[in-house]
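Worksheet: one structure, shown below.
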Amino acid sequence: MSNTTYTVEVDEIVQALIEARHASGMTQKELSKITGIAQGDISKLEKGNANPSLRTLIRLAEGMGMQLKVEFGPESH
């Protein structure tokens with residue numbers, strides 16, 4: 001097994017989360033109430049100051065009536 005480093009653009013994930021929340025017409029407070037995730041934690045995620053687990057991302061997506069999609073693809077050089 002090789003030790004390969006993978007890079008994810010955190011800004012892209014943060015922007016996707018913000019856009020999804022806006023598309024759902026929800027405030028952070030409303031999303032917090034539905035998901036049980038503290039509004040302060042949602043704020044930290046949207047500022048890029050926290051690293052959510054996949055379970056947290058799934059809860060957020062479901063709270064917005066969406067599904068989380070993870071995609072693997074070739075690196076762009």
Side-chain angles (χ1 to χ4, degrees):
M1 191 178 274
S2 68
N3 291 337
T4 305
T5 302
Y6 297 95
T7 305
V8 176
E9 293 298 324
V10 174
D11 291 342
E12 290 178 26
I13 296 170
V14 168
Q15 191 59 40
L17 173 59
I18 294 168
E19 289 174 6
R21 185 174 57 76
H22 288 168
S24 71
M26 301 178 84
T27 64
Q28 289 179 355
K29 187 174 182 178
E30 291 167 331
L31 184 56
S32 171
K33 186 174 181 179
I34 289 171
T35 62
I37 298 169
Q39 185 271 327
D41 290 340
I42 294 171
S43 177
K44 287 178 188 174
L45 292 173
E46 291 189 359
K47 290 178 182 176
N49 295 330
N51 293 315
S53 68
L54 285 174
R55 287 187 178 145
T56 297
L57 291 174
I58 291 167
R59 283 173 60 196
L60 290 167
E62 289 175 347
M64 294 182 283
M66 300 179 180
Q67 64 180 346
L68 177 67
K69 292 184 179 183
V70 177
E71 185 175 300
F72 292 89
E75 287 187 45
S76 56
H77 295 278

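For the numbers below, each heavy atom of this structure counts, side chains included, while hydrogens, waters and symmetry mates do not. For this chain, numbers begin at 1 and follow the sequence in order.
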The complete set of side chain to side chain donor-acceptor pair (under 3.5 Å) pairs with one or both residues in residues 33-45, sequence neighbours excluded, reads Q28-Q39
Minimum heavy-atom distance between M66 and A20, given as atom pair plus value
CE-O, 3.3 Å
Candidate pair S32 and I42, rule side-chain contact (heavy atoms from CB on, under 4.5 Å), full reasoning
CA-CA 7 Å; S32 171; I42 294 171; 4.0 Å; yes
Tell me whether the count of non-hydrogen atoms from other residues, nucleotides or ligands lying under 6.0 Å of CG in N51 goes above 12.
no
Measure across L68 and L57 and return the closest heavy-atom pair with its distance rounded to 0.1 Å.
CD2-CB, 3.7 Å
Check R21 with E30, please: is the shortest side-chain N to carboxylate O separation under 4.0 Å?
no
Going by heavy atoms in the side chains, are L45 and V14 under 4.5 Å from each other?
no
Measuring from atom CZ of R59 to atom CD1 of I34, what distance do you get when rounded to the nearest 0.5 angstrom?
12.5 Å
Do V70 and I58 sit in one hydrophobic cluster, given that two such residues count as connected whenever their side-chain heavy atoms are within less than 4.5 Å of each other, even indirectly?
yes
Sequence neighbours excluded, which residues qualify as side-chain hydrogen bond (donor to acceptor under 3.5 Å, both in side chains) partners of E19?
Q15
Joint cluster assignment, L54 & F72, ILVMFWY side-chain distance < 4.5 Å:
yes
Look up atom CE in M26 and atom CG in L60, then write down how far apart they are to the nearest 0.5 Å.
10.0 Å
Between T27 and L31, is the side-chain contact (heavy atoms from CB on, under 4.5 Å) condition met? List the steps.
CA-CA 6 Å; T27 64; L31 184 56; over 6 Å; no
